[in-house]
Amino acid sequence: MKRIPAARRTALLALLALGAAGAQSSTQSAYTGPRVQLTFLHGFTGADRPVMERLIQQFNAAHPNIQVRGQAQPWGTTWQQLPSLVASGRAPDVVVINEDQITNFIARGAVSPLTDAELRTAGIDKARYYGPLFQTANYEGKSYGVPISSVAYVMFYNKDLMQKSGVTKVPTTRAELLRAAQQCTTDTSGKKAGQAGFNKANLSTWGMSLYNNWVGSRLAYAAILQNGGSLVDRNLNANFNSPQAVEAVQFLVDLVQKHGVARPNSTEEAELAAFSQGKVCFFPSGQWYTDRFEQQKLNFGVAFVPRIGNQKDAAWGGSSHLTLPRQRAGYDANKRRASLEFMDWMTAPAQNLAWTEAGSLPVSPVVARDKKFEGRPIAGVFSKLGSIYATSGFPWGGQVLGPFDNAWANAYSGKQSVKAALDAGVSEANKQITQARKSFQ
Amino acid sequence: MSLSLPRENVPPRRRRSFENSGLTPYLYLLPFMLLFLVFVVYPVGYGFWVSLHRWDLLAETRPFVGLEYYRNLFDFSTPQAQFFWNSMRNTGFFTILSVPLLVAVSLGLALLLYRPIFGRSFFRAVFFLPGILTVSVMGILWRWMFDNQIGLVNAVRTDLLGLQPLPFLSSEGLAWIPVVVGTLWWTIGFNMTLYLAALGNISQSLYEAAEIDGATAWPKFRFITWPLLGPVTLFVFVTTVLASFQLFGQTLVITNGGPNRTTQSAIQYITEEAFTNNQFSSAAAMSFMFGLAMLIFTVLQFRIMARDAREGT
């Protein structure tokens with residue numbers, strides 16, 4: 001065991017001596033055991049797949065004693081197959097699990113914890129990654145995964161419409177957001193939001209996009225976190241109807257119902273089209289639309305979600321984590337060590353930088369500082385990537401998020417008051433959690 | 001000679017005894033039987049076993065809970081009962097709404113396109129073609145058509161008719177319109193083709209005789225076409241009802257079961273319970289309840305079909 005850190009130290013010294021520190025990733029392996037073959041199951045299909053396959057090839061070329069065989073399949077298939085693969089002792093060596101599934105798999109015992117000693121031996125330094133991102137795969141004080149990919153909720157803004165409306169600063173606070181949105185909102189007769197005679201039923205341009213699906217509800221999630229609220233309490237019961245949550249969501253709903261700066265009853269597609277056509281100043285959504293707006297040659301920027309709450313910066317994020325599933329008794333310890341080496345290499349800065357080509361955000365600050373991002377719109381959110389929080393940490397994600405999304409849709413559409421919608425959502429979620437808890441006994 | 005006799009007689013006797021044993025039909029059935037046992041009987045039995053346990057492949061224990069998950073479906077303080085029966089109601093509502101339309105409109109189209117009108121083949125193809133699309137393509141198309149803001153339907157309402165736009169996708173009740181209209185557009189061609197084939201089998205001499213007796217269009221339809229289309233109407237009706245009960249993709253893509261689960265179908269809810277909530281036993285129990293409802297309906301249909309067949313002979 002002592003030989004491995006020594007070998008790693010030697011490798012690093014050799015790299016430094018060659019002046020290759022800038023290469024960012026060691027081609028020397030911390031794993032020096034016999035040749036092993038690893039199976040790597042992941043859901044990076046479509047455009048992500050060639051990037052991942054290229055990285056796997058590079059890993060194999062640099063590690064003669066570890067051969068990784070990547071297997072791409074749709075995420076949903078993996079969620080359905082993983083329990084039976086683990087139960088039958090045929091689990092792949094490394095599996096990628098997303099933030100919305102990971103706590104459930106951990107709580108059900110499908111994933112094995114990564115000890116501090118193992119992480120240290122493999123050279124995986126938790127501090128290398130954004131804190132909340134690494135913690136997404138934590139449960140009951142233990143780490144279960146290493147982040148490889150990350151997406152986040154951001155606020156896109158249309159520079160042309162902002163300029164035309166006289167908005168000179170991208171809003172970062174609640175008051176600034178409301179003021180800017182009012183300036184951007186004009187009815188068909190030319191009156192601005194807040195002016196006498198303004199008709200919010202007939203908008204020509206408007207300040208902000210809100211909409212009724214799960215992507216829309218992630219802004220409410222951010223606002224709740226920013227206000228010091230949360231989706232679940234310490235006992236992991238739903239509590240997104242706390243006073244902080246009601247206050248935060250009320251502000252968003254007021255943007256539609258009271259101030260008239262967002263359209264009621266809108267859909268994500270409609271808001272996306274409106275933003276592309278320059279009819280709305282601020283479009284909060286997933287960062288994955290950046291490429292699309294760049295291709296459209298839109299004059300736009302990307303900002304972190306403004307501070308709607310009064311406690312901290314926060315936005316929703318999604319992520320994918322490299323995990324080691326539970327294996328049958330007598331599993332080859334060399335394979336586990338080799339898998340950890342693979343996890344370290346794949347999430348090292350050089351590889352993570354290459355992985356951002358697939359549309360992911362950097363998983364560590366050192367990657368975010370790379371020159372590649374200079375002048376790119378997405379770089380606008382990099383200073384706050386450490387304030388991105390996944391909806392994770394409780395094993396009953398579906399039971400909480402479904403009712404939460406529904407509560408948002410009901411509050412936003414005005415079908416129910418914010419308090420009534422959130423109360424109903426929490427009541428439903430907690431009934432579902434009571435049922436789900438029995439499965440974990 | 002004496003030696004050759006038995007030799008000649010033995011093989012035919014053997015053959016006869018094998019044929020008479022009655023095994024032959026079972027041997028023909030054997031391959032299907034094996035597949036049926038492996039892919040139908042075993043999974044159904046396993047599913048029932050799952051529904052009686054608190055089941056998770058990863059759990060160390062899978063305690064027997066008896067009918068707990070079935071009881072949940074009749075205890076209205078549980079979300080399972082509330083949402084399952086809501087989804088069953090939605091599925092029934094969709095069936096009642098869509099089946100008469102799918103039968104009547106396809107019959108109407110078939111009657112129109114059976115006549116030697118100009119561009120008949122073109123129109124037949126036009127009505128049949130949507131059926132080759134996958135449900136996701138069809139769903140996205142109709143979601144766009146009925147979008148609250150940018151949909152074509154609302155564009156016509158506001159720009160041409162001067163009306164207010166309607167929030168089809170987020171209003172309870174209205175959300176059924178894109179689902180039903182989309183399903184109609186998507187599946188009508190198949191039923192229409194069945195009717196066209198059946199119309200081709202009706203002898204023209206019957207119409208000629210009726211014309212000699214002075215019958216106009218309506219009596220000809222009422223007393224010749226409609227009765228002779230009876231068997232195919234029954235077939236179209238039964239298959240359309242079964243297909244409507246299996247509503248899943250359309251509501252998943254167009255409305256995602258919303259708003260407020262008002263368009264969530266039974267299969268969609270069962271899928272949610274199994275793969276979003278990871279409550280496999282609960283979902284299995286729901287599947288059996290859903291299967292039972294389908295079974296009752298199918299038995300009724302078979303009775304009607306049997307009666308129809310008896311009357312036909």
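Protein chains get the first letters and strands the later ones, always in sequence-line order, with residue 1 at the start of each.
Across B:Gln149, B:Glu172, B:Gln279, the residue that shares the most heavy-atom pairs under 4.5 angstrom with chain A is B:Gln149. Ranked by heavy-atom pairs under 4.5 Å with chain B, the first of A:Ala110, A:Ala409, A:Gly397, A:Ala201 is A:Ala110. When each of B:Asn277, B:Asn278, B:Thr78 is scored by its heavy-atom pairs under 4.5 Å with chain A, the top score falls to B:Asn277. Ranking A:Val86, A:Asn104, A:Asn212 against chain B, the residue ahead of the rest is A:Asn104, based on heavy-atom pairs under 4.5 Å.
Judged by distance alone, the side chains of A:Ser439 and B:Asp56 never bring a donor and an acceptor atom under 3.5 Å apart. Counting only N and O atoms by type, the side chains of B:Asn72 and A:Gln435 include a donor and acceptor under 3.5 Å apart. With no hydrogens or angles considered, no side-chain donor-acceptor pair links A:Asn213 and B:Asn256 at under 3.5 Å.
The shortest non-hydrogen separation linking B:Ser170 to A:Asn265 is OG-OD1, 3.1 Å. A:Pro83 and B:Leu57 make their closest contact through C-CD1, 4.0 Å (heavy atoms, listed as atom of the first residue, atom of the second, distance). For B:Ser77 against A:Lys431, the heavy-atom pair with the smallest separation is O-CD, 3.4 Å. Here the closest non-hydrogen pair linking A:Arg326 and B:Leu58 is NH1-O, 3.9 Å.
At a 4.5 Å heavy-atom cutoff, the contact between B:Asp147 and chain A is made by side-chain atoms alone. Neither the backbone nor the side chain of B:Phe168 comes within contact range of chain A, judged by heavy atoms closer than 4.5 Å. For B:Trp55, no part lies under 4.5 angstrom from a heavy atom of chain A.
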Under the criterion side chain to side chain donor-acceptor pair (under 3.5 Å), I'd like the reasoning laid out for B:Asn148 against A:Thr267: C-alpha separation, chi angles, the key distance, then a yes or no.
CA-CA 7 Å; B:Asn148 295 355; A:Thr267 60; 5.9 Å; no
Decide salt bridge (charged side-chain N to carboxylate O under 4.0 Å, His left out) for A:Arg108 and B:Glu60; before the verdict, give the C-alpha distance in whole Å, the side-chain angles of both, and the deciding distance to 0.1 Å.
CA-CA 9 Å; A:Arg108 287 161 72 197; B:Glu60 283 165 17; over 6 Å; no
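Of the inter-residue distances, the one linking B:Asn260 atom CG with A:Gln416 atom CD reads 6.5 Å to the nearest 0.5 angstrom.
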